[in-house]
Amino acid sequence: MLTLQCPYCGVMAEETELSAGGEAHLKRFGPGSSDADFETYMFMRENPKGVHFERWRHANGCGKWFHAARCTVTLEVFGTYTAQTSVPPAELLETIRAARPGFKWREFE
Amino acid sequence: MSEAISVLAGANTEGFCRVSELGLHGMITVRGDLSNADLAKALCAVAGVDALPEVRKMVGGLEGGIAWMSPDELMVFVPYAQVVDKVDELNSTLAGSHFLAVNVSDARAVFGIDGAGAREVIAKVAPVDMSPEAFTTGDLRRTRIAQVAAAFWMAGDDSFRLICFRSVGDYAFKLLSVSAAKGGEVGYF
């Protein structure tokens, strides 16, 4: 079972306390953007075998959204971090590089 | 004015633990910047406690206390008869600052789980480590019990208080009753 630590209340929350929020760090293209940009924003998602960045919500808990980095193959969790950011923290990227040398996820590597 | 009654009007059941619906309690949901000293002072005055609770803690009790709900949310407990006045008091004391205080007393149900093995009653239905090392007096968790959202705290040895939405009060009571039924003791803790 997936267990993530909520960065807001510090609880080691297991899956049934959380709700998944899809891919992390999407950049919105709204009115006025090109069709290609909007399509990419709306439909195109990463589907990696390996390191993945996701949004989660501590739904049956403090109710806050946060980010998590984990491996889709082994379910290893590299870390969780605040939702108030558009890039993963540098230390976390360092941890992932050490655990999965050469990983690439969108512009992060 | 019609008479206010709680969801199960004080129903209780005796298993290896006593599960009881504790009647009407004044509850005020407060959202705001919890590091704001003025907010903290006003809330402490209303609840009659010395300080705001730490993360995942409860200070005071049902007749005057504050529960931590999230990084920007608290639940303030006051006597039911005073809750309207207490909300007014908060609104006038903190007028002009950015916060929200709402009386949610009639939208919540309060339960007590008392007796040896009370930890087990909760451990069976919530995804929370209820061991004596991990969960002690004053600790609070906002989580789920089986299928519904709830928050509970440890009020004393073998004594827990639990709040949930009134709309699921009947479910919560039956759930806790089954969990506390005689013959269901696990004896793990």
Side-chain angles (χ1 to χ4, degrees), chain A residues 1-26 28 52-93 95, chain B residues 29-35 52-59 66-75 100 102 104 107-108 122-131 133-136 138-154 162-165 167-168 171-172 175:
Chain A
M1 180 174 273
L2 189 64
T3 306
L4 300 174
Q5 181 168 33
C6 171
Y8 295 97
C9 59
V11 163
M12 291 302 290
E14 50 99 343
E15 219 169 311
T16 63
E17 238 180 64
L18 303 166
S19 70
E23 187 175 325
H25 307 307
L26 294 177
R28 181 170 187 267
H52 195 26
F53 294 83
E54 293 171 318
R55 300 172 74 227
W56 285 86
R57 180 170 175 254
H58 194 188
N60 279 315
C62 67
K64 299 297 175 194
W65 285 95
F66 62 92
H67 285 129
R70 66 184 184 102
C71 176
T72 58
V73 179
T74 62
L75 294 190
E76 176 181 355
V77 176
F78 300 110
T80 55
Y81 53 101
T82 169
Q84 275 71 47
T85 178
S86 51
V87 292
E91 317 83 81
L92 180 65
L93 287 173
T95 311
Chain B
T29 278
V30 177
R31 284 222 177 223
D33 177 4
L34 304 188
S35 59
L52 294 188
E54 302 285 308
V55 174
R56 282 183 286 125
K57 295 283 178 190
M58 169 80 188
V59 293
I66 306 181
W68 187 93
M69 287 280 127
S70 89
D72 57 359
E73 184 183 346
L74 298 171
M75 182 73 86
L100 179 78
V102 178
V104 295
R108 298 288 184 281
I122 292 182
K124 281 193 235 175
V125 294
V128 178
D129 182 357
M130 296 303 295
S131 62
E133 302 82 55
F135 208 92
T136 53
D139 277 350
L140 174 142
R141 260 306 285 275
R142 189 178 174 184
T143 178
R144 66 178 177 89
I145 53 167
Q147 316 257 345
V148 297
F152 53 80
W153 67 93
M154 195 170 157
L162 181 144
I163 56 173
C164 66
F165 286 112
S167 55
V168 296
Y171 173 87
L175 175 75

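To find a chain, count down the sequence lines: A is the first, B the second, and so on, and within it residues start at 1.
A 6.0 Å sphere centred on CD of B:Glu54 holds no more than 12 heavy atoms belonging to other residues, nucleotides or ligands. Crowding of A:Glu15 atom CD: a count of heavy atoms from other residues, nucleotides or ligands under 6.0 Å exceeding 12. Atom OH of B:Tyr171 has more than 12 neighbouring heavy atoms from other residues, nucleotides or ligands inside a 6.0 Å radius.
The existence of a salt bridge linking A:Lys64 and B:Glu73 is excluded, since no basic side-chain nitrogen approaches an acidic carboxylate oxygen closer than 4.0 Å.
Ranked by heavy-atom pairs shorter than 4.5 Å toward chain B, the options A:Glu17, A:Glu14, A:His58 are led by A:Glu17.
With a 4.5 Å cut-off on non-hydrogen atoms, B:Arg56 touches chain A through its side chain but not through its backbone.
A:Cys62 and B:Ser70 make their closest contact through O-CB, 3.3 Å (heavy atoms, listed as atom of the first residue, atom of the second, distance). When all heavy atoms of A:Asn60 and B:Ala149 are compared, the pair lying nearest together is OD1-CB, 3.8 Å.
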